[in-house]
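What follows is a set of notes on a single structure, which appears directly below.
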Amino acid sequence: MKKVLAITLGILSAIGGFFDMGEIVMTAETGARFGYSLIWVLILATIGIILYAEMAGRIATLSKRPVFDVVRERIGARFGMFNLIATMFINIVTLVAEIAGVAIAFQLASRINYYLWVPLVVLLIFIVIWKVQFELMERVFGILGLTMIVFAVAFFKLGPDLTHVAKSIFGPDVPKTEALATYWYFAIALFGAGMTPYEVFFFSSGAVEEEWGPDDLAVNKGTAIVGFTVGGLLAISSIGVAAIVFLPRGISVDELAQITLGPATALGTIGLIAVLIGLFASTFGAALEVTLSTGYALAQYFGWPWGKRLKPREAARFHLAMIIVLLLAAGLVLTSVDPVKVTELAVVFSALGLPLTYLPVLIVANDHEYMGDLVNGKFSNALGSVYMVLLIITSVAAIPLMIWTRMGA
């Protein structure tokens, strides 16, 4: 039973990481504009995050140290600082999107303007991080986030042509109404959203928080596979729902509220309630992950005491860093930035920083000093190397495509 419950770490990472605000927005936009033709990107991203999350968890389990700590020692302080700065920037932009997502979920449930909900959202995040034990946090929000399965139920309820779905995956076509550059911009944004770096930092730090040991390596692998597969399937279902509900009607996704239309169309009031609960759980879970990941990265780089297992006075700088980041992100939300546009920026910049996160993971996973005899096998290295090439291509192409397409406009 303990090992089954431990898999909720992967579910929280997947629901609050893979299927977070970025994935929710990008899958809805993608399905509305490109139908099923970019589902292959989500499959690619799901395999990639499973591969690297398993490596990161294995590193943390065997070394008893999280990835960012090991990377700084193995790669060097200078490269580590560059990685830290990039991580902080990406995390702050991502946290702005997640806080806005939680506030908008409250707005949809209450019809009270989401700006008025922002202070409460920040307070709730602060209370959970400050008071709630790690194991309870991951299990509550991991399991609650499973209400997003409403997208999968809605997809099949809407009666998709599965033959057409399969053909679109294995032989994708660019719609005649869309430019090729725009198609690849959305492909990169989806890929970046699926492999967001904070997922790995949270996942590996969670393994240390829960004091995993060599006996938990099977749990680590199962957690990565089950959790991120669930997240990937939900994201694919979101594309499918948007492709059926929005694409034939020529509806573009400009507001987060539109995302509720798909489940509501298929399942009525029950679908609407489920998607609102899921939207809250996934964005709130992601906000927790990003906030914690930011504190983890700073504390692990500078050698501060860290972790939810420590009382705030025992890890004061770790907790203070998270408070500052929360207040900064909340302040940016209240400047009346467009949450959808901020979300798009977050996933594009995530794509930009992917090699900085995953190359060190691949290097350390092959280091006998840390891993002993449990270094990567030939298959993991081959697949990891293929993904590294894809990550570099994604990173190089992200900004030029964003400018060229005017963020997919």
Side-chain angles (χ1 to χ4, degrees), residues 12 15-16 19-29 32 94-132 136-137 140-151 153-154 234 237-238 241-242 245-246 251-291 323 325-344 346:
L12 175 57
I15 302 298
F19 201 50
D20 66 346
M21 180 71 165
E23 202 72 36
I24 292 167
V25 169
M26 292 310 303
T27 52
E29 285 191 308
T94 303
L95 186 56
V96 170
E98 306 304 343
I99 290 174
V102 180
I104 290 172
F106 284 150
Q107 173 182 285
L108 294 174
S110 67
R111 297 188 179 181
I112 297 174
N113 189 284
Y114 80 92
Y115 290 119
L116 299 177
W117 286 109
V118 171
L120 177 62
V121 170
V122 172
L123 179 61
L124 288 174
I125 295 170
F126 171 76
I127 290 172
V128 172
I129 288 176
W130 196 275
K131 293 292 186 181
V132 179
L136 180 61
M137 180 193 76
V140 168
F141 288 98
I143 294 171
L144 190 61
L146 286 175
T147 54
M148 288 300 256
I149 201 170
V150 67
F151 278 98
V153 175
L234 295 182
S237 298
S238 178
V241 169
V245 174
F246 298 143
I251 299 173
S252 59
V253 178
D254 303 313
E255 299 179 3
L256 190 61
Q258 293 172 287
I259 294 166
T260 64
L261 295 176
T265 299
L267 303 169
T269 303
I270 293 176
L272 178 60
I273 293 171
V275 77
L276 288 177
I277 294 172
L279 181 61
F280 162 74
S282 60
T283 52
F284 194 86
L288 293 174
E289 282 192 40
V290 179
T291 304
I323 292 171
V325 168
L326 268 174
L327 293 175
L328 177 59
L332 291 172
V333 175
L334 293 173
T335 61
S336 66
V337 294
D338 183 341
V340 172
K341 292 300 180 185
V342 169
T343 301
E344 291 180 12

Between side-chain atoms of residues 330-344 and protein atoms elsewhere (two or more places apart, or another chain), which donor-acceptor pairs fall under 3.5 Å?
residue, atom, partner, partner atom, Å
T335, OG1, L332, O, 2.5
D338, OD1, V340, N, 3.0
T343, OG1, P339, O, 2.7

Expected output: side-chain Q107 to main-chain Y114 donor-acceptor under 3.5 Å: yes

Atom of M137, atom of V128 and distance for their closest heavy-atom approach: CG-CG1, 3.8 Å

Closest heavy-atom pair and its distance - E98, V290: CG-CG2, 4.5 Å

A266: partners by side chain to side chain contact (heavy atoms under 4.5 Å, CB included), with sequence neighbours left out: A154, K157, L158

Those residues that, when tested against T147, pass side chain to side chain contact (heavy atoms under 4.5 Å, CB included) (two or more places apart): I277

Separation of E289 CD from I129 CD1 (nearest 0.5 Å): 10.5 Å

Nearest-0.5 Å distance, CZ of residue F151 to OG1 of residue T27: 7.0 Å

Donor-acceptor pairs are to be reported for all side-chain atoms of residues 117-127 against protein atoms at under 3.5 Å, with residues two or more places apart or in another chain.
residue, atom, partner, partner atom, Å
W117, NE1, S110, OG, 3.2
W117, NE1, I112, O, 3.3

Nearest atoms (heavy-atom pairs only) where V96 meets A329: CG2-O, 3.7 Å

Inter-residue atom distance N113.CG - F106.CZ, 0.5 Å rounding: 14.5 Å

Atom pair OG/CE of S238 and M148 - distance to nearest 0.5 Å: 7.0 Å

Test side chain to side chain contact (heavy atoms under 4.5 Å, CB included) applied to L327 - qualifying residues, sequence neighbours left out: I323

Pair L95-T291, side chain to side chain contact (heavy atoms under 4.5 Å, CB included): steps then yes or no: CA-CA 7 Å; L95 186 56; T291 304; 3.6 Å; yes

Nearest heavy atoms of P263 and V275, plus distance in Å: CG-CG2, 3.9 Å

Listed partners of T94 passing side-chain hydrogen bond (donor to acceptor under 3.5 Å, both in side chains), at least two apart: none

Selection residues 262-280 - residue pairs positive for side-chain hydrogen bond (donor to acceptor under 3.5 Å, both in side chains), sequence neighbours left out: none

Minimum heavy-atom distance between I259 and A28, given as atom pair plus value: CG1-CB, 3.9 Å

With sequence neighbours excluded, residues passing side chain to side chain contact (heavy atoms under 4.5 Å, CB included) with L261: F246, Q258

M21 versus A97, closest heavy-atom pair with distance: CG-O, 3.5 Å

Atom pair CG (L279) and CZ (F284), whose distance is rounded to the nearest 0.5 Å: 13.0 Å

Audit row: V150, I270, side chain to side chain contact (heavy atoms under 4.5 Å, CB included) steps and yes/no: CA-CA 9 Å; V150 67; I270 293 176; over 6 Å; no

CD1 on I104 to CD1 on I99, rounded to 0.5 Å: 12.0 Å

